[in-house]
Every structure is written in C-alpha cells, then in structure tokens.
Amino acid sequence: MNKDQRLKLAQALIQEAVVTPDTEEARHLTKLAVKHEFKTEIERLILGDVELFKTTFKAMYSKNLKERIVSRVILDMLMENEDFKKTFRDKYIHVSHELFIFEKQQEWKYNG
C-alpha cells in the first residue's frame, strides 16, 4: 500500500470512528487510522529516532487536538510493541529525565 492509499484508508477509518456510537470501537478505529497514516513515523520511533520521540511525547500537550490525539495513540501503541520496548531501553532512556521535567512543567501550567 502506498502513502496515498494509506492516507485514504486512515481518513475513512477516522470518519467511521467519529460516527460510531461504541466507544471501544471508535478507539479501535482511531488506532487503526493512526497506524496507517503515521506508519513511517511509528517505524522510525521503533528504530530509535530520539528527536521524533521527544516531539511525539511533547505533542501530548499540544493545543492542536489532532496532535494530542495522534501522539497519545502512537505512544500507546509503542508501549505495546516489544521491539520498541527493547529500543526504548537502548535509545530513549537517557531522555526520560528531560521528558519527565517537561511533563511536570505542563502539569503545573494546566493545574497551577
């Protein structure tokens, strides 16, 4: 499947997710849409792209709703991926402190 086909499939899935009354089904369709639309980025994250990981993590706090949703879905999928878990230990563990501080700052901003 080429990039245009993946994008069309992702758009169809997300349209279906929006009109589906079943919350679990909507989550599943959203996850599939993200998986297809952001296939390349997810593969890069599994391989250890540290800058993309930091960008994806920080996007969880974006003012843009799509960025927030996509980043959270991607990170959720990564947490279930065994290859990513191995990569995380090798490639990402050194940025965990930086991202922890960023997350705390965001919480203070929204709760403070």
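What you see is a predicted model, and the numbers here were worked out from it, not measured in a lab.
- Applying the side-chain hydrogen bond (donor to acceptor under 3.5 Å, both in side chains) test between Y61 and each of Q105, E103, R68 identifies E103 as the sole match.
- Counting only distance, with no hydrogens or angles, the side chain of T20 and the backbone of D22 share no donor-acceptor pair below 3.5 Å.
- To the nearest 0.5 Å, atom CD1 of residue I69 and atom CG of residue N64 are 9.0 Å apart.
- Hydrophobic clustering (ILVMFWY, side-chain heavy atoms < 4.5 Å, transitive): M79 and L45 are in one cluster.
- By the 4.0 Å N-to-carboxylate-O rule, K3 lies too far from E37 to be salt-bridged with it.
- The backbone N or O of N2 sits less than 3.5 Å from a side-chain atom of Q5, completing a donor-acceptor pair.
- Looking at F53 and L75, their side chains come closer than 4.5 Å, going by heavy atoms from C-beta outward.
- Between K58 and E67 no salt bridge is recorded (no basic side-chain N to carboxylate O distance below 4.0 Å).
- One distance of note links CG of L99 with OG1 of T56; it measures 10.5 Å at 0.5 Å rounding.
- The residues E43 and K39 are annotated as salt-bridged, a charged nitrogen and a carboxylate oxygen being separated by less than 4.0 angstrom.
- Between I46 and E82, every side-chain heavy-atom pair lies at or beyond the 4.5 Å cut-off.
- Closest non-hydrogen pair, S71 versus A59, comes out as OG-C, 3.4 Å.
- By the neighbour-count criterion of 12 heavy atoms within 6.0 Å, atom NZ of K35 is sparsely surrounded, having that number or fewer from other residues, nucleotides or ligands.
- Here the OG1 atom belonging to T23 is positioned 14.5 Å from the NE2 atom belonging to H28, to the nearest 0.5 angstrom.
- Atoms CD and OG1, on E25 and T30 in that order, are 9.5 Å from each other to the nearest 0.5 Å.
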Mind running side-chain contact (heavy atoms from CB on, under 4.5 Å) on I14 and L29 for me, showing each step along the way? CA-CA 6 Å; I14 207 68; L29 291 169; over 6 Å; no
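- Atoms NZ and CD1, from K31 and I74 in turn, are 12.0 Å apart once rounded to the nearest 0.5 Å.
- Other residues, nucleotides and ligands contribute more than 12 heavy atoms inside 6.0 Å of the NZ atom of K85.
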